[in-house]
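Indexing begins at 1, ligand by ligand and atom by atom, following the structure's order. Source: prediction; values computed, not measured.
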Amino acid sequence: MKVAIMGAGLSGLACAITLEKHGISPAVFEKRERLGDRFVNGESLLSLLHKPITDPVAFFAEKHGIYLKPTASIQKMLVFSPSKKAEIEGSMGFVNYRGRHEHAFEMQLGQQVKSTIHYRSKATYEELLMEYTHVVVATGDGEYAMKMHNFQADLTVSLKGAMVKGRFDRYTPCAWLDYSYMAKGYGYLLPLSDTEANLVMAYPDDPENDQLDVDERWGAFCERVCRDLQQPLRITSHFHVTGYPIGICHRARIGNTFFVGNCFGAMMPFLGFGQFAALLTGIYAAHDICGKGAYEELTKPLRRSYENSLVLRRAMGRLENKDFDRIIPLLGSRWGESALQSKSFDVLPWLAFVLRPWMKKR
Ligand SMILES: Cc1cc2nc3c(=O)[nH]c(=O)nc-3n(C[C@H](O)[C@H](O)[C@H](O)COP(=O)(O)OP(=O)(O)OC[C@H]3O[C@@H](n4cnc5c(N)ncnc54)[C@H](O)[C@@H]3O)c2cc1C
């Protein structure tokens with residue numbers, strides 16, 4: 001058996017580590033010069049999105065032998081609407097580095113891979129298919145799946161962000177739900193240490209947003225953040241990702257080709273979380289290759305999560321600022337906190353179930 005993995009990001013590396021545990025040494029092809037060779041940013045693993053798994057870091061270590069070291073756990077979250085604020089307390093997940101940083105998740109995974117990673121690869125999927133018995137497509141986008149008529153593209157998003165210096169509680173990220181900055185968008189601040197954080201404004205590529213001056217909107221958002229955090233923030237580096245595709249493949253496996261990570265549909269339309277599903281799809285593809293399960297079956301729960309997440313994304317797009325002022329204070333109430341953190345009650349699929357008929361009617 002000869003396995004090629006195209007892409008050394010989260011899903012590709014998780015796949016390589018898992019194959020190696022089962023005695024298969026894949027060839028990994030990465031188009032960049034080294035792992036994580038892109039802008040540094042902060043990302044998070046939110047427990048709320050992966051119930052009944054409440055601790056994703058422990059889950060990957062104990063169940064799959066994949067070791068992730070986040071920068072901090074999330075013990076509190078501040079959520080701001082146009083004129084209200086909620087403080088939610090409890091264990092809610094983790095924050096980690098991505099990109100060109102020594103502690104980025106892709107660097108950590110790279111240290112756990114023993115197989116050769118071929119950097120600056122120009123190998124196409126078609127070439128790999130001719131040479132290898134199995135190809136795992138882990139390129140972080142739906143491009144190949146789309147070319148093969150195997151991808152449903154649902155939306156594209158843009159993310160304007162910066163690394164900022166200031167004073168932060170590293171256990172307390174913040175989020176802003178306020179459409180005054182970008183229509184149907186949101187903002188967040190993820191502290192990566194006591195003095196450094198990642199500030200991001202994420203928004204769908206919507207006709208309403210196309211007409212706006214993004215730099216001017218970003219400036220207004222930064223002013224709001226400084227006001228809410230009662231401190232000036234110093235920007236040290238910028239990034240602007242545009243047209244980031246969110247969608248899902250129709251078939252997770254075609255012949256001996258496996259679509260993993262964002263090529264599968266790891267990136268969830270609601271709030272854009274994709275790390276958890278990216279890692280899991282890489283692991284599941286390896287399990288299938290090793291004869292330990294069927295990839296299509298193993299990924300069914302992730303497909304359901306994607307579909308639920310799409311309902312929530314569409315519902316969120318129909319809310320207005322006045323709705324956020326009503327909803328946000330509920331999140332900080334005792335009811336909100338226990339619903340968000342309950343192990344037995346999975347609030348997001350429940351919400352998607354309730355909202356689905358309403359979304360169809362309008
Ligand atoms: C700004 C931003 C913020 C985000 N924040 C969060 C967050 O807070 N929480 C969360 O859960 N998710 C977040 N996500 C989503 C998450 O990062 C992705 O879902 C996840 O990284 C997808 O993993 P992947 O393996 O599919 O792709 P990646 O980890 O992106 O890896 C793809 C790899 O393939 C390589 N590659 C591409 N084309 C080729 C080719 N032709 N040949 C060889 N190699 C190739 C790339 O260079 C890259 O190394 C965020 C995404 C962005 C852009």
Does any N or O of ligand 1 fall below 3.5 Å from an N or O anywhere on [X], backbone included?
{"X": "Asn41", "answer": "no"}
{"X": "Val241", "answer": "no"}
{"X": "Gln275", "answer": "yes"}
{"X": "Ser121", "answer": "no"}

Exercise. Run the numbers for me: atoms of ligand 1, each under 4.0 Å from some heavy atom of Gly261, listed by number.
Key: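 Answer for ligand 1: 26 (O).
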Quiz item: Looking at Ala138, which atoms of ligand 1 are within less than 4.0 Å of one of its heavy atoms?
Solution: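 Counting from 1, the qualifying ligand atoms are 32 (C), 33 (C), 34 (O).
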Quiz item: Is the closest heavy atom of Gly272 to ligand 1 under 4.0 Å?
Solution: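 It does; at least one heavy atom falls under 4.0 Å.
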Practice problem: May I ask whether Arg98 has any heavy atom positioned less than 4.0 angstrom from an atom of ligand 1? | Solution: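 In this structure, Arg98 qualifies as a contact of ligand 1 - some heavy atom is under 4.0 Å.
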Quiz item: Which heavy atom in Pro191 sits nearest to a heavy atom in Ala197, and how many Å separate them?
Solution: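 Minimum heavy-atom separation between Pro191 and Ala197: CA-CB, 3.7 Å.
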Quiz item: Considering only heavy atoms, which of Met6, Lys31, Glu30 lies nearest to atom 46 (C) of ligand 1?
Solution: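 The nearest heavy atom belongs to Glu30.
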Quiz item: Who gets closest to atom 9 (N) of ligand 1 by heavy atom: Ser11, Ala278, Ala8, Ser44?
Solution: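 Considering heavy atoms of Ser11, Ala278, Ala8, Ser44, the nearest to atom 9 (N) of ligand 1 sits in Ser44.
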Nearest non-hydrogen protein atom, [atom]:
{"atom": "atom 10 (C) of ligand 1", "answer": "Gly274 N, 3.2 Å"}
{"atom": "atom 17 (O) of ligand 1", "answer": "Glu43 OE1, 2.9 Å"}
{"atom": "atom 40 (C) of ligand 1", "answer": "Thr139 CG2, 3.7 Å"}
{"atom": "atom 15 (C) of ligand 1", "answer": "Met267 SD, 3.4 Å"}
{"atom": "atom 31 (O) of ligand 1", "answer": "Gly9 CA, 3.1 Å"}
{"atom": "atom 27 (O) of ligand 1", "answer": "Gly140 CA, 3.3 Å"}
{"atom": "atom 26 (O) of ligand 1", "answer": "Asn262 N, 2.7 Å"}

Taking the inter-plane angle between the rings of [X] and [Y] on a 0 to 90° scale, is it parallel (under 30°), tilted (30 to 60°) or perpendicular (over 60°)?
{"X": "Trp218", "Y": "Phe221", "answer": "tilted"}
{"X": "His240", "Y": "Tyr203", "answer": "tilted"}
{"X": "Phe239", "Y": "Phe39", "answer": "parallel"}
{"X": "Tyr125", "Y": "Tyr144", "answer": "tilted"}

When you look for heavy atoms under 4.0 Å from ligand 1, do you find them on the side chain of [X], its backbone, both, or neither?
{"X": "Phe29", "answer": "backbone"}
{"X": "Ala123", "answer": "neither"}
{"X": "Leu46", "answer": "neither"}

Exercise. Mark yes when over 12 heavy atoms from residues, nucleotides or ligands other than Lys2 sit less than 6.0 Å from its NZ; otherwise mark no.
Key: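 Enclosed.
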Identify whether the distance between the nearest side-chain nitrogen and carboxylate oxygen of [X] and [Y] falls below 4.0 Å.
{"X": "Arg100", "Y": "Asp37", "value": "yes"}
{"X": "Glu297", "Y": "Lys300", "value": "yes"}
{"X": "Glu126", "Y": "Lys147", "value": "yes"}

Quiz item: Is the shortest heavy-atom distance from the side chain of Ile17 to the side chain of Tyr67 under 4.5 Å?
Solution: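 When only atoms from C-beta onward are counted, Tyr67 and Ile17 do not touch, as no gap falls below 4.5 Å.
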Exercise. State yes or no: are the ring centers of His287 and Tyr295 separated by less than 6.0 Å?
Key: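 Centroid separation for His287 and Tyr295: 6.0 Å or greater.
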Quiz item: Are Phe264 and Tyr306 close enough that their ring centers fall under 6.0 Å?
Solution: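 Ring centroids of Phe264 and Tyr306 are no less than 6.0 Å from each other.
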